[in-house]
Asker: 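There's a structure below that I have some questions on.
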2 protein chains.
Amino acid sequence: MSKNKLSTSDRILQSALQLMKEKGFQPVTIKEIADAANVSEMTIFRHFETKKGVLEAAIERNTVVPGFKQILDKDIVWNLEKDLLQIANLYLDLMKRYESICLIAVQERASMPELVDLVSDNTEQLKGYITAYFNTMQEEGKMKQTDSYTQASIFLATLFSYFISTALWKEKFITVAKEEFIKNSVQTFCYGLQP
Amino acid sequence: MSKNKLSTSDRILQSALQLMKEKGFQPVTIKEIADAANVSEMTIFRHFETKKGVLEAAIERNTVVPGFKQILDKDIVWNLEKDLLQIANLYLDLMKRYESICLIAVQERASMPELVDLVSDNTEQLKGYITAYFNTMQEEGKMKQTDSYTQASIFLATLFSYFISTALWKEKFITVAKEEFIKNSVQTFCYGLQP
DNA sequence: ATAAAATGTTAGTTATCAATAACATACATT
DNA sequence: AATGTATGTTATTGATAACTAACATTTTAT
């Protein structure tokens, strides 16, 4: 194994993720995964023992540690609009990489509640970062005095909305293009929070 | 039937909706629904023939026609903040009533794509209403000149985000209270769009 | 009180699907 | 050539769950 093509187990995991993010864990059958990955069902069981094992391996192989602090700290220029643009893009990029896991977390929130944490931890971490950022900006008089945590929540909520609605329904809900959406929401947000 | 208690079929549909909104259509069994509704499995089949029939009846009995225009037209006072507050509350109330259907639409988007339309139609309709409202406000110089449609999209996206994240994960994502969330997002939005 | 309608009980059918087992084949390494 | 590893094939098991049928019991209406 290891031509320029994917290895067998990678092909299985990729197919599994793709199917599960569309339909959820339970409705996807091993046979479907096998067909999509172009292997026999037996191969899947030999690699991952159980169906659940497939999901677990897929999650493990697709979990990334964000590390906002390192990335952001060096790029922050203490200009509200520029910084929020930066943050917005970073967040949406990260979420894009988490798309499959996030959608499975949605589908399986009743049966695998721990999955949600994997996704919400990122948002929570970033929310903390933005809250601290807002606090500093307010101290320096570069931003209106408001509740930083609430504002951070609203800002991320707007972005999350873009992410989840396109992930779930393509352009059914939000037809505006990503750049347009980010630009306008950051702008409105900034004008609204100017001191 | 028809004490002050629910009728048998209502109890079945209610239990079915409750379970399906948590777990999706396929994973919920007739037995689960029967137990939750305190009837035998046979009763369910006698009322609705098939499992799919249960869902269809539940959807039919829970679909509401919003009619934004009638409700809003008489309450609009052409003050950006007041009107948006009104609209925000109306939208979230409507979505609350659609919560079950919306969550099932999420779970079953692959198997029943038509379900999404039921929910997205409301948002689309309201988006159109708000766009027209913004246009008028801009003509009257009560609002900054921007792309009304994009702004309407962003405004509803923020609200939708609150709705969907609490519907999916309770306070896991958004911990801020509903009123607080609405008040702050409307305020920020308005300050940002003042002429 | 009695008939009719609604619901319960039980047993059974059928289909699907995860998982196992046993054997076959293809291919690479040494 | 011999061995090991990865994969394929086929048959089978066991569990689950939708759905049916036949008969019993309860509830409701007249």
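Chain letters run A, B, ... following the sequence lines, proteins first and then strands; every chain starts at 1.
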Asker: So what does A:Val54 hit on the nucleic acid, given a heavy-atom distance under 4.0 Å: a base, only sugar-phosphate, or nothing?
Answerer: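 Contact class for A:Val54: none.
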Asker: Given A:Gln14 and A:Gln18, is the side-chain hydrogen bond (donor to acceptor under 3.5 Å, both in side chains) satisfied, shown in steps?
Answerer: CA-CA 6 Å; A:Gln14 193 178 285; A:Gln18 176 63 31; over 6 Å; no
Asker: In whole angstroms, how far is the P atom of D:dC19 from the NZ atom of B:Lys51?
Answerer: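 After rounding, the reported distance stands at 8 Å.
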Asker: Should the pair A:Phe189 and A:Phe155 be assigned to parallel (<30°), tilted (30 to 60°) or perpendicular (>60°) ring geometry?
Answerer: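 A:Phe189 vs A:Phe155 ring planes: tilted.
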Asker: Atom CZ of A:Phe45 and atom P of D:dA6: how far apart are they, to the nearest Å?
Answerer: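 To the nearest whole Å, that distance equals 19 Å.
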Asker: How many whole angstroms separate atom NZ of B:Lys52 from atom P of D:dA18?
Answerer: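 Result: 14 Å.
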Asker: So which pairs with a foot in residues 71-92 of chain A pass salt bridge (charged side-chain N to carboxylate O under 4.0 Å, His left out), sequence neighbours left out?
Answerer: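 Those involving residues 71-92 of chain A are A:Lys69-A:Asp73.
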Asker: Are OP1 or OP2 of D:dA18 and a side-chain N or O of B:Thr50 less than 4.0 angstrom apart?
Answerer: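 No, outside the criterion.
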Asker: Hey, can you pull the residues of residues 13-27 of chain A with a non-hydrogen atom under 4.0 angstrom from DNA chain D?
Answerer: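 None, since no heavy atom is under 4.0 Å.
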Asker: Could you tell me whether A:Lys178 and A:Asp93 have a side-chain N and a carboxylate O separated by less than 4.0 Å?
Answerer: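 Yes, A:Lys178 and A:Asp93 are salt-bridged.
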Asker: Take the protein atom CD1 of B:Ile30 and the nucleotide atom C1' of C:dG8, then report the distance between them rounded to whole Å.
Answerer: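 Value for this atom pair: 16 Å.
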Asker: Could you tabulate the donor-acceptor pairs under 3.5 Å formed by side-chain atoms of residues 48-56 of chain B, not counting sequence neighbours?
Answerer:
| from | atom 1 | to | atom 2 | distance (Å) |
| --- | --- | --- | --- | --- |
| B:Thr50 | OG1 | B:Gly53 | N | 3.0 |
| B:Lys51 | NZ | B:Phe25 | O | 3.3 |
| B:Lys51 | NZ | B:Gln26 | O | 2.9 |
| B:Lys51 | NZ | B:Val28 | O | 2.8 |

Asker: If I take atom CD1 in residue A:Ile44 and atom P in nucleotide D:dT7, what distance separates them, rounded to the nearest angstrom?
Answerer: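 Going from A:Ile44 (CD1) to D:dT7 (P), I get 11 Å.
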Asker: Find out whether A:Tyr98 and A:Thr63 are in side-chain contact, i.e. whether some heavy atom of one side chain is under 4.5 Å from a heavy atom of the other.
Answerer: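 Of all side-chain heavy-atom pairs linking A:Thr63 with A:Tyr98, at least one is under 4.5 Å.
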Asker: For this output row, return yes or no: ring centroids of A:Tyr191 and B:Tyr191 closer than 6.0 angstrom.
Answerer: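 No, ring centres 6.0 Å or more apart.
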Asker: Just do the side-chain hydrogen bond (donor to acceptor under 3.5 Å, both in side chains) check on B:Asn135 and B:Ser148 with the steps written out, would you?
Answerer: CA-CA 6 Å; B:Asn135 279 332; B:Ser148 297; 2.8 Å; yes
Asker: Side chains of A:Phe181 and A:Thr158: does their closest heavy-atom pair fall under 4.5 Å?
Answerer: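 Yes; the side chains approach each other to less than 4.5 Å.
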Asker: Provide, to the nearest angstrom, the distance between the NE2 atom belonging to A:His47 and the P atom belonging to C:dA19.
Answerer: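 Going from NE2 in A:His47 over to P in C:dA19 covers 16 Å.
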Asker: Can you run through DNA chain C from 5' to 3' and write each base as (, ), [, ], | or . depending on how it pairs? Watson-Crick or G-U wobble, both distances under 3.5 Å.
Answerer: ||||||||||||||||||||||||||||||
Asker: I'd like a table of atom pairs between the protein and nucleotides 8-13 of chain D - only N or O on both sides, under 3.5 Å - with the distance next to each one.
Answerer:
| from | atom 1 | to | atom 2 | distance (Å) |
| --- | --- | --- | --- | --- |
| D:dG8 | OP2 | A:Ser40 | N | 2.8 |
| D:dG8 | OP2 | A:Ser40 | OG | 3.3 |
| D:dG8 | OP2 | A:Thr43 | OG1 | 2.4 |
| D:dG8 | N7 | A:Arg46 | NH2 | 2.4 |
| D:dG8 | O6 | A:Arg46 | NH1 | 3.1 |
| D:dG8 | O6 | A:Arg46 | NH2 | 3.2 |

Asker: Between B:Asp10 (CG) and C:dT7 (P), how many Å, whole number?
Answerer: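 About 12 Å, once rounded to whole Å.
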Asker: Please give, in whole Å, the distance from C:dA19 C1' to A:Lys31 NZ?
Answerer: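 Interatomic distance, NZ of A:Lys31 to C1' of C:dA19: 16 Å.
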Asker: Distance-only check: which donor-acceptor pairs under 3.5 Å involve side-chain atoms of residues 165-177 of chain A, not counting sequence neighbours?
Answerer:
| from | atom 1 | to | atom 2 | distance (Å) |
| --- | --- | --- | --- | --- |
| A:Ser165 | OG | A:Ser161 | O | 3.1 |
| A:Thr166 | OG1 | A:Tyr162 | O | 2.7 |
| A:Thr166 | OG1 | A:Phe163 | O | 3.0 |
| A:Lys172 | NZ | B:Asp117 | OD1 | 2.6 |
| A:Thr175 | OG1 | B:Tyr149 | OH | 2.8 |

Asker: Are A:Lys23 and A:Glu32 close enough for a salt bridge, meaning some N to O gap below 4.0 Å?
Answerer: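 Looking at A:Glu32 together with A:Lys23, the answer is yes, because their closest N to O distance falls below 4.0 Å.
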